[in-house]
Each structure stands twice: as C-alpha cells, then as structure tokens.
There are 2 protein chains.
Amino acid sequence: MEGQNISDIIEQYLKSILSDSEHVEIRRSEIANLFDVVPSQINYVIKTRFTIQNGYLVESKRGGGGYIRIERVNLLDDVDVLNTLISVIGDEISERDAVSIIQTLYDEDVVSRREADLMAVMVSKQTLALTDRQVADVLRAHVLVSLLNRLRYES
Amino acid sequence: MEGQNISDIIEQYLKSILSDSEHVEIRRSEIANLFDVVPSQINYVIKTRFTIQNGYLVESKRGGGGYIRIERVNLLDDVDVLNTLISVIGDEISERDAVSIIQTLYDEDVVSRREADLMAVMVSKQTLALTDRQVADVLRAHVLVSLLNRLRYES
DNA sequence: CATTCTTTGACTAATGTTGACTAACATTAT
DNA sequence: ATAATGTTAGTCAACATTAGTCAAAGAATG
C-alpha cells in the first residue's frame, strides 16, 4: 500500500467504490471538502490516475447539479497494436501516413470496413480544411490518437 | 441517470410522456408550477433539450388557450434525413449540438453504436484542440458534414 | 542538486436559474 | 370595426453554481 500523499488516498477512496459498482459519481467540491484539499486537486487525481490507459472513462458536467463521473471499462486485447500505432504517430502526421495506419487497423480486424472509411474521412485533407498544412498535420495527429484511444475499450 | 438539477427532471418528465404518445401539449405556467420554477425555465429546457438536432419539433401559441407542443419527429420518414441534418448544422456547431445529431443518427439506425462513438470522439472539444473556440466550431461543422456525406454511399 | 510529483489558488468556461420586459393572440367593451 | 384589456408564451441579460485549466510554489525522490 502506498498511502503517503493525499492524492493516493483519494485515488484509493474512489477505487474502493469502483470495486463494488461500475462507476462513481461525485460532486467535486464534496470530495475536496471530505479530504480537505482544493477542488482542483480532484482534477489532478483524475488526470493522473484514472486515464483511459488504466481503463477508466471520465465524464463531467458543470453548472447547477454538476458532477464528475468515473466509469470502469473493459480494455480490449488490441492494446499492443494501438500503443505501437500511437507511438508511430507522434506530434504530426500526413494524410498518407494516417491512411496507412487506418489500413493497418482494418487488416488487424480492429475496425470494420465502414469504420475505417469514416476514420479516413476524418483525417482527410478536405475534412481538416485548414490553410496551414502543418497545422492540419498536427490536428490530424491529435484526431488519430483520440480515435485510437477510443478503440481501447468496448461499450 | 443524471437528474440532479431541475431542468433534467423536467426533461425526463416530458420525455416520459413522449415515450407513450407522439407529442406533448403543455401550458407553460402549469408545468412551471408543477416543478416550482419560473415559466421561462420551461423555455430553457426546451431550447437545450428538445431541439431539432435531438429529433423534436416544437410549436407554440400565445394568448388565451395558448400552449407549447413538442413533437417527436422520425427523421427516417423524411425523404432525405442527411440533407435535413446538414442544413441544421450550418457553418459552425457546438459540441453539444453535434453530439445531439450523432445520437439522433444512432437512434434512427443510420449508424452503429461504435460508429457513433467514433464520430463523437471526432467532434469532441478535446480532439479538436484549438485555441480559438469559433475556429473549432467551424471545423466541427465541416467534419460533421463530411461524415454525413460519407454516409450517403453504402460500401 | 536536479528532476519529477504534488499541492494550491487565481482565473476561465459551461450550465442552470431567475425575473423584468416584450410580443402575440383572445375576449370584451365601445 | 376598433380599442382596450386580459392571457398566454418568448427573449434576454443578470446572477448562481458548478467543473476545468494553468502555472507557480512546495515536497519528495534519486
């Protein structure tokens, strides 16, 4: 057990709830009060310990009745393929390279034909209509990584 | 279920009626009284939760015997769903409205669950990480229209 | 020491709530 | 007919209530 700092303690608290139910829904300020920390520390805990790589999905809503919801999801077996491809992408990527990555996904049966087609539309020059080519390449990398991360889990 | 704020509760109330009949017809002040809110809150609920992007049509009449009528529209009955949606999108669109449209596509069986999920990732703020919000909105509209156009052909 | 991780708080953004004012329509009086 | 009055709904901006971001300061680690 590592219970040294308060972030670890909050992490354990949330995970103990998650070991029973599939998800937790919290009010940020309540948890912050409970552990006597500033609200933004909750964001820090979530950002560093409840990532999609670890199998957690987070959604939230602001305003009255706002909340933060953490959900446990089933990670799929394609993790290795996805990690490899993500590391290949880097900070920017051309349309041609993006298409070949999508092709790999299809070859490896990670996505269907139709899903691959949609992804190809998403990374195309025409869709990412930006005057500056490099800006488009950076955005395309971002888009592709987001899509690959989405493929890590089901439902 | 997320139902902490009163707007969500009113939304659920109206949708529970809509799950039985094709439409609801309300007197604004009555609903406002029922949930103990000011009348204009009903407008807020309708404006944020019963848009055409969500698959609802709203009409109303003022004066004596006035009413607000919410109707669920079946977009598949429309001759050209996609054209309708594309015209709704316009030149720019918020993430919220975009998600509504994607949800509608899924509800109407135009796309699968997974395809809808990928599309949702695509239009998310995080994916379209741009400093200027309006630029992101414009790009998001572009992306969505591209995707909808892609859905025209069956492959 | 240098580096990385944690903690904090000021500022920002999103969403929800309220009420004063306006617009549309209906009914009644002239 | 027309005007006056009453009865609805619509708009908009101020205010309230949440969560998110970011960078600086502090603590821990090696």
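Sequence lines set the chain letters: A, B, ... in the order given, protein chains first and strands last, and positions in each chain run from 1.
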How close or far is atom [atom2] of [N] from atom [atom1] of [X], stated in whole angstroms?
X: A:Glu59; N: C:dA14; atom1: CD; atom2: C1'; answer: 15 Å
X: B:Tyr67; N: C:dA24; atom1: OH; atom2: P; answer: 16 Å
X: A:Arg28; N: C:dT12; atom1: CZ; atom2: P; answer: 16 Å

Indicate yes or no: at least one non-hydrogen side-chain atom of B:Val73 is less than 4.5 angstrom from one of B:Ile52.
yes
So do A:Phe50 and A:Leu18 actually touch side chain to side chain, heavy atoms under 4.5 Å?
yes
List the residues meeting side chain to side chain donor-acceptor pair (under 3.5 Å) with A:Ser7, not counting sequence neighbours, and say none if there are none.
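A:Ser7 satisfies side chain to side chain donor-acceptor pair (under 3.5 Å) with A:Gln41 only.
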Option passing side-chain contact (heavy atoms from CB on, under 4.5 Å) with A:Ile68 (candidates A:Val24, A:Ile26, A:Leu14):
A:Ile26
Where the side chain of B:Ile6 is defined as all heavy atoms beyond and including C-beta, which of C:dT17, C:dA14, C:dT6 is the nearest nucleotide?
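Between C:dT17, C:dA14, C:dT6, the one nearest the side chain of B:Ile6 would be C:dT17.
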Partners of A:Glu71 by salt bridge (charged side-chain N to carboxylate O under 4.0 Å, His left out), sequence neighbours excluded?
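A:Glu71 satisfies salt bridge (charged side-chain N to carboxylate O under 4.0 Å, His left out) with no residue once adjacent residues are dropped.
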Contact class for B:Gly66 vs. all strands (heavy atom < 4.0 Å): base, sugar-phosphate, or nothing?
sugar-phosphate
What residues from residues 29-55 of chain A pass a heavy-atom cutoff of under 4.0 Å to DNA chain D?
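Residues of residues 29-55 of chain A under 4.0 Å from DNA chain D: A:Ser29, A:Ser40, A:Asn43.
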Which atom pairs, one a donor and one an acceptor, fall under 3.5 Å between side chains of residues 119-126 of chain B and the rest of the protein, sequence neighbours left out?
unit_1: B:Ser124; atom_1: OG; unit_2: B:Val121; atom_2: O; d: 3.1
unit_1: B:Ser124; atom_1: OG; unit_2: B:Thr127; atom_2: N; d: 3.1
unit_1: B:Ser124; atom_1: OG; unit_2: B:Thr127; atom_2: OG1; d: 3.0
unit_1: B:Lys125; atom_1: NZ; unit_2: B:Glu95; atom_2: OE1; d: 3.3

Is the number of heavy atoms from other residues, nucleotides or ligands within 6.0 Å of CZ (B:Phe35) greater than 12?
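Enclosed.
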If each of B:Arg96 and B:Gly63 is mapped to the nucleotide of DNA chain C with the nearest heavy atom, which maps nearer the 5' terminus, i.e. the 5' end?
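Residue closer to the 5' terminus by nearest nucleotide: B:Arg96.
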Residue set satisfying ring pair (Phe, Tyr, Trp, His ring centres under 6.0 Å) with A:Tyr153, at least two apart, ordered chain then number -> none
Reading DNA chain D from 5' to 3', where do the contacts with chain A start and stop? Cut-off is 4.0 Å to heavy atoms.
D:dT17 to D:dT21
Earlier contact from the 5' end, DNA chain D, for B:Ile26 and A:Arg27:
B:Ile26
